Amino acid sequence: MVAAATLAERSTQTGLAVDLHAVSHQYDLGKSILPVLDGIDLKVAPGEFVALLGPSGCGKSTLLRLAAGLETPARGEVLADGVTVTKPDPSRVLVFQDPTLFPWRTVRDNVAIGPQARGVLAASGARIDDALKLVKLESFANVFPHQLSGGMAQRAALARALVNDPELLLLDEPLGRLDSLTRLSMQQELLALWQRAGYSVMLVTHDVEEALLLAQRVIVLSERPARVKAEIVADRPYPRHRDDPWIVDKRREILEILGFAE
Ligand code: ADP
Ligand code: MG
């Protein structure tokens with residue numbers, strides 16, 4: 001019998017190709033229509049790490065929800081590996097800023113939610129252990145969420161996403177509520193996990209430096225309704241350092257694009 005590949009062994013696996021083609025979206029507020037996205041063209045190559053920056057309320061979370069298939073665009077198309085996205089799929093996983101762990105379930109049982117929902121819980125024991133190991137929570141498997149620090153809770157949420165073997169990880173300001181030191185170590189972990197697993201990443205962050213430290217490409221969005229305002233290719237080797245003159249320069253450039261002249 002051939003053993004199932006563990007998450008860590010899947011380094012040759014490539015991620016999902018994402019193609020947002022002329023995507024516009026709006027919300028019906030009853031008395032009025034709120035245009036949120038305006039003709040977004042954005043491609044993510046298999047295994048690419050793309051960061052999205054933009055003013056608060058411009059439509060970043062909406063864009064991730066469209067990529068996840070939680071909503072369908074008013075106009076345009078979202079393609080995953082060339083196929084139109086019409087509904088959520090375990091291959092595309094969204095991780096939110098607030099980990100939203102179930103308080104009455106242990107860490108392990110929270111991580112098990114995906115396999116359980118898909119009816120494959122019994123066969124997924126090793127995979128769940130693996131996901132916990134990847135985020136270094138194996139010794140906290142049996143504790144409850146209230147016993148975790150903010151960083152650990154966010155790692156548990158990551159494990160819950162990784163256990164589904166995503167081909168596309170959609171991260172919506174996942175480190176936004178963490179203290180700055182935890183944030184630094186989580187940035188390293190996100191990078192290491194991505195380098196190991198090879199999935200594609202779309203990371204929404206409000207931290208310009210974080211975008212430049214992690215992503216291969218940084219997309220800057222305009223005020224709502226969001227359009228792609230700028231695209232910065234960050235083909236710098238990892239690990240990157242915040243005091244690298246290139247990062248310092250690009251950070252200033254992006255802040256200017258966002259309207260914060262220094
Ligand atoms: P961001 O993540 O960039 O802050 P969002 O995508 O969350 O922006 O929201 C964009 C705009 O759409 C905001 O003005 C928000 O209030 C509005 N919005 C988001 N979701 C909904 C919804 N389900 N119904 C109505 N308006 C929404
Ligand atoms: Mg948001």
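Just follow the structure's listing: the first ligand is 1, and inside any ligand the first atom is 1. This one's a predicted model, so the numbers in the text were calculated from it and none came from an experiment.
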Distance-only N or O hit between ligand 1 and G59, under 3.5 Å: yes
N/O separation below 3.5 Å, C58 to ligand 1: yes
Which segment of L29 sits under 4.0 Å of ligand 1 when only heavy atoms are counted: side chain
Residue pair L203 / F49, side-chain heavy-atom distance below 4.5 Å: yes
Heteroatom proximity flag, T62 to ligand 1, N/O under 3.5 Å: yes
S61 neighbourhood, listing ligand 1 atoms whose heavy-atom distance to it stays under 4.0 Å: 1 (P), 2 (O), 6 (O), 7 (O)
Proximal protein heteroatoms (N, O or S) of the Mg ion (ligand 2), under 2.8 Å: S61 OG
Transitive ILVMFWY side-chain link M202 to V228, under 4.5 Å: yes
Close approach of E173 to ligand 1, heavy atoms, under 4.0 angstrom: no
Interatomic spacing from CD in E209 to NZ in K250 - rounded to 0.5 Å: 15.5 Å
Shortest protein contact, atom 27 (C) of ligand 1 (heavy atom only): Y27 CD1, 3.3 Å
Verdict with supporting geometry, D249 and R252, salt bridge (charged side-chain N to carboxylate O under 4.0 Å, His left out): CA-CA 5 Å; D249 274 4; R252 190 178 307 124; 3.7 Å; yes
Pair T205-E173, side-chain donor/acceptor within less than 3.5 Å: no
Derivation of the side-chain contact (heavy atoms from CB on, under 4.5 Å) call for L158 and L190: CA-CA 9 Å; L158 261 181; L190 279 183; 3.7 Å; yes
Whether H25 and Y27 hold their rings parallel, tilted or perpendicular, with breakpoints at 30° and 60°: perpendicular
Shortest non-hydrogen contact from V85 toward G69: CG1-CA, 3.5 Å
Step-by-step side-chain contact (heavy atoms from CB on, under 4.5 Å) determination, L221 to K229: CA-CA 5 Å; L221 299 171; K229 205 169 174 187; 6.0 Å; no
Any donor-acceptor N or O pair under 3.5 Å, side chains D172, S61: yes
L34-ligand 1 polar pair, N/O distance under 3.5 Å: no
